[in-house]
Amino acid sequence: MYGGGNTFESAKFEGLENEDPQKLAEFEARIERGEKIEPSDWMPKLYRKQLIRMIEQHAHSEIIGALPEGTWITRAPGFKRKLALMAKVQDEVGHAQLLYSAAETLGKPREAMIDDLITGKSKYSNIFNYPAFTWADSCFISWLVDAGAIVNQLANARGSYGPYCRALDRICAEESFHLKYGHHCVIHMATGSEKQREMMQAAINRWWGPMMHFFGPPDKVSVHTEVLMKWKVKMASNDDCRNQFLDMYVPKIWELGLTIPDPNLKKNEDTGRWEYTEPDWEEFKRVINGDGPCNKERLAVRRTAEERGAWVRKALLAPKTEYVAPLA
Amino acid sequence: MESLDPRVSRLNIDENASLSPKAPLDQFGTFEVFVQLKEGKQYKHEGAVHAPNRDMAFIFAKEQFSRRLMCSGLFVVDTRNVFVTEYTEDTVNVYEKVADNADAQGEAQEFEFFHLMKRGKQHEHIGSIEAQSAEQALVMAKSEFINSDKPIYNVWVVKTNDILFSSEEDKVIWNTLPEKKFRDAIAYKAADKVKAFKIRQHK
C-alpha cells in the first residue's frame, strides 16, 4: 500500500451550481445516512471527477511505488527477505489492479489511465521520485512509507464510494504483513552492527523530508476540502493524517535509538499535537512537477514495460471480447 | 539508462525516448470475478479482471483474487452477460420495482442470482432458478424475496451457462496457500529483539 490519496492536486472546483438541486440533495442525504454510492447512482460531476483523479493517482502510486522498493529485491539480504519483499511488491502491483478497476467504474477506461501515467499527465505519490540508495532505504519504505499510506487509507476506507471502499478493504486485509515485515527489517538494522545502525540512520535522514511531504501541504494552504469532506471523498485533513502518523511512529523510531533530523520535533502535551519544522514545500512542488531525482526513470521504466509488452497483448487480443466498465 | 536498480539498468532504456501515448490497441474484455473463501460459504463478488477470453480471465482472477487469502472456489463471467437491475436505497426493496410478469419464449435455462444486501458490500450468490429469460427469472424470484426482512438493493442475474466455474481438479491450485507463512504478519515477531536492545542500551 503506497498511496497518499490526499496528497494530490484537486480537480477544478466549478460547475456545482449547474447540478440538479433535487438530485444533489438526495445524493447528500444518502451519504449523510452513511450509505455508499454505487457506480450507477446519480452523482455530481465534481464528485466523479475528483474520485477518478484520486483513485487513479492512488493506483499509479502502487505501480510506481513498487520500483524504489523493488530496487533491492535482487540484493535483499538472505532468502527470507527476498521471498518477503517479492511477495510484498507483488501485492502492491495487485493493489494497483484493484484500484484501476474501482476508477474504471466511474467511466475512465484503464487504457486512458495508463496513457495519462506514461505521458506524465497524471500524478502519483511524490515520495517515489526519490531513490533507494541502500537496503536501509528499502526498509524505510517498507515500514514507514507503508505506515503513512495506511494512515491515509484507513481513513479513505470509510469514504462514500462503494467500489473504492471495497478495494481498500481488500487492500488493508492483504497489507497485514507488510507493516510488520518493514518494522522487522528496521529493527534488525537498528539493533545490529554499528555499520547497520549507521545505514538505517542515514536512510531516515534522507527520507524524513519526503515522508513529511507525503501527507500533502498544510491545511492552511490546502483549499476546497469542505465539500469533499461533506461528500466523504476526503475523510481526514492532511495535517490530521500527518499528526496521526507522527503520534504512532515517532516513539517507535526513538525506541530503537534512532534520531529524526528535525530539532523542533516534539509532542505538545497540552494540545496533543506534534510540533515540527515545516518541510521544504518548494522542493515538494518542484519534484511533483517533474524535477525530482527519479521522475524520469520511473516513467521511462513504466513506458518501456508498456512498449515491450505490447506484442504479448497484441497476440492475445481476441475480437470477440469487448472492453466495458466493471460493474462494481 | 543507468539505475540503482540492476534490473532497470539491464533494460537499456533510451533516456531520450519520446513521451508519446501508446497506440490504442489492447483494451481487453471485462470479466466479473466471484470467490468462495471456504467450502460451504456463499460465493461473493470480488472485482473484475480484463482478459482476452474467459479462460485467461480465470487465470488472472486466480492470481489477483485468490493469491493471498483463503479460497475454495472461483468463477468468472463476461460483464456483458450480467443482467443488472436498478439500485434502490434506504428501506426500498428492489423487488418492489420488478414487474409482475415478463415476456418469455424458448427453452428454460438455469440462472444464478446475486443479491446486494448492504450498500458498499459485495453481491452475494443466493441460488439459481430455471426460467426462459433473466427478466422472467426475476419475476419468479419476486414472490420469495419481496418480503425479506432486510431490503435487497440490487440483483444480478447470470445464465449459468455463461459462467466458467473452477472444477474439482482446479482446487489443487490453492493447496500451497497455507505454506506461505512469510505472507502473514505473525511471521515477523521482533518484540524480544527490541527488549534485548533496550537492556543493552541501559547498561
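To find a chain, count down the sequence lines: A is the first, B the second, and so on, and within it residues start at 1.
- When A/I73, A/T74, A/L256 are compared by the number of non-hydrogen pairs under 4.5 Å with chain B, A/L256 comes out ahead.
- For B/D14, no part lies under 4.5 angstrom from a heavy atom of chain A.
- By number of non-hydrogen pairs under 4.5 angstrom with chain B, the leading residue of A/D169, A/D91, A/D116, A/L179 is A/D91.
- Looking only at heavy-atom pairs under 4.5 Å with chain B, the residue among A/Q90, A/K180, A/R170 that has the most is A/R170.
- Screening B/T160, B/I126, B/V82, B/V157 against B/E112 for a side chain to side chain contact (heavy atoms under 4.5 Å, CB included) leaves a single residue, B/T160.
- Both the backbone and the side chain of B/Q122 come within contact range of chain A, judged by heavy atoms closer than 4.5 Å.
- In terms of non-hydrogen atom pairs under 4.5 Å with chain B, the most contact-rich of A/K296, A/E255, A/H183 is A/E255.
- Applying the salt bridge (Lys or Arg N to Asp or Glu O under 4.0 Å) test to A/R308 and every residue at least two apart in sequence or in another chain returns nothing.
- Remark: aromatic rings of B/F34 and B/F114 are close, center separation under 6.0 Å.
- Residue contact with chain A, scored on non-hydrogen atoms closer than 4.5 Å, involves the side chain of B/E32 exclusively.
- Both the backbone and the side chain of B/L4 come within contact range of chain A, each with at least one heavy atom under 4.5 Å from a heavy atom of that chain.
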Which pairs would a plain distance check flag for residues 51-58 of chain B, meaning a side-chain donor or acceptor within less than 3.5 Å of a matching protein atom at least two apart in sequence or in another chain?
from: B/N53; atom 1: OD1; to: B/D55; atom 2: N; distance (Å): 3.2
from: B/N53; atom 1: OD1; to: B/M56; atom 2: N; distance (Å): 2.8
from: B/R54; atom 1: NH1; to: B/D162; atom 2: O; distance (Å): 2.9

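- With a 4.5 Å cut-off on non-hydrogen atoms, B/K189 touches chain A through its backbone but not through its side chain.
- Of the listed residues (A/E174, A/R110, A/E104), the one with the most heavy-atom contacts under 4.5 Å to chain B is A/E174.
- Using the six-membered ring where Trp is involved, B/Y188 and A/H184 have ring planes that are perpendicular, over 60° apart on the 30 and 60° scheme.
- Using a 4.5 Å cut-off between heavy atoms, B/R7 touches chain A through its side chain atoms alone.
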